[in-house]
Amino acid sequence: MESDFSRIHSIAVIGSRGQMGGFLALKAERAGILVHRFDQPLDEKEMARLLPGTDFVLLCIPVTVMDEVLTKVVPHMKKGSILSDVGSVKGRPLQQMVRAYDGPVVGTHPLFGSTIPVDFDPTVALVAGREEDSGALESVKDFYERLGFGAFASTEEEHDRAMAMIQSLNFSSTIAFLACARELPNIEKYVTPSFKRRLESAQKMVTQDSDLFVTISDANQYSLEAIRLFRSFLSLAASGDMDLLSERASWWWRDNHT
């Protein structure tokens, strides 16, 4: 198994005008890393000039254009440079990157947006494209730590199952609940402080990021499985087993998640 660790000195951010791409490019520059920025329309002459000297190529692009972008980027990469992405789903994008590039591949998922709450510790999930890419994963881990983020190794399945819950099910259950609640006439008169907090926390996801969450849900093979599991817990609620559900839900506020 490959275990050589080499520090990343230069990075090409593909999709640098997007929120995450621009955010990570700026963080890398402030950490003293040479950054090359690319965005649509991709300048292949500039890529041919700059990518052969770049250690790390980070794709900050929608999963729907992965294949199209890979065909333009990969031919200009130097041997041994690391190819990566920042997508919320790792299954299909990793397969696409491994298929397009025979060098080291590491999928990453920053578990935060471009604006990080002050009480939140930002971390990044890392998934090696191949078993022999463990050394490249350590290089990427070091890169994110230099930017001030925590980072941890995961697997494609563990990551995507978790995101099916944290992102896909959170979105689908929220819109289903709010769509259901609006069916009651005059319900807006009865908003309580706790319900208002729920509305406020859901507003951006529903009114601004809905298309993004639909795309993420569609791309995650475990999304429907998560919904089916949630439906089984709703059945417990329908049968009156509230104490059981409350006990299981309280796990999130225990000091040790066991």
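All figures in this text were calculated on a predicted structure; none of them were measured in a lab. Only heavy atoms go into these numbers, but all of them, side chains included; no hydrogens, no water, no symmetry mates.
Side chain of T54 to backbone of I11: no donor-acceptor contact under 3.5 angstrom is found. A donor-acceptor contact shorter than 3.5 Å links the side chain of R17 to the backbone of Q40. At distances below 3.5 Å, at least one donor-acceptor pair connects side-chain atoms of D43 with backbone N or O atoms of E46. No donor-acceptor pair closer than 3.5 Å links the side chain of S168 to the backbone N or O of M165. Judged by distance alone, with hydrogens and angles left aside, the side-chain atoms of R161 form no donor-acceptor pair with the main-chain N or O of A226 at under 3.5 Å.
At a threshold of 4.0 Å, the pair D55-R7 does not count as salt-bridged, since none of the basic side-chain nitrogens sits closer than that to a carboxylate oxygen. Remark: E138 does not engage K141 in a salt bridge, criterion side-chain N to carboxylate O under 4.0 Å. Residues R254 and E247 are paired through a salt bridge, judged by an N-O separation under 4.0 Å between the basic side chain and the carboxylate.
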For residues 111-128, which side-chain donor-acceptor pairs fall under 3.5 Å, sequence neighbours excluded?
none

Could you pull out every donor-acceptor pair under 3.5 Å between side chains of residues 58-74 and any protein atom, sequence neighbours left out?
residue	atom	partner	partner atom	Å
D67	OD1	Q96	NE2	3.3
D67	OD2	Q96	NE2	3.1
T71	OG1	E68	O	2.7

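You'll find the side chain of I227 stays beyond 4.5 Å of the side chain of R231, heavy atoms only.
Between F149 and Y144, the angle of the ring planes lies from 30° to 60°, which puts this pair in the tilted group.
Taking the ring centre of F233 as origin, the terminal cationic atom of R248 falls outside the region bounded by 6.0 Å and 45° from the ring axis.
Remark: S81 pairs with Y101 by the side-chain hydrogen bond (donor to acceptor under 3.5 Å, both in side chains) rule, at least two apart or across chains.
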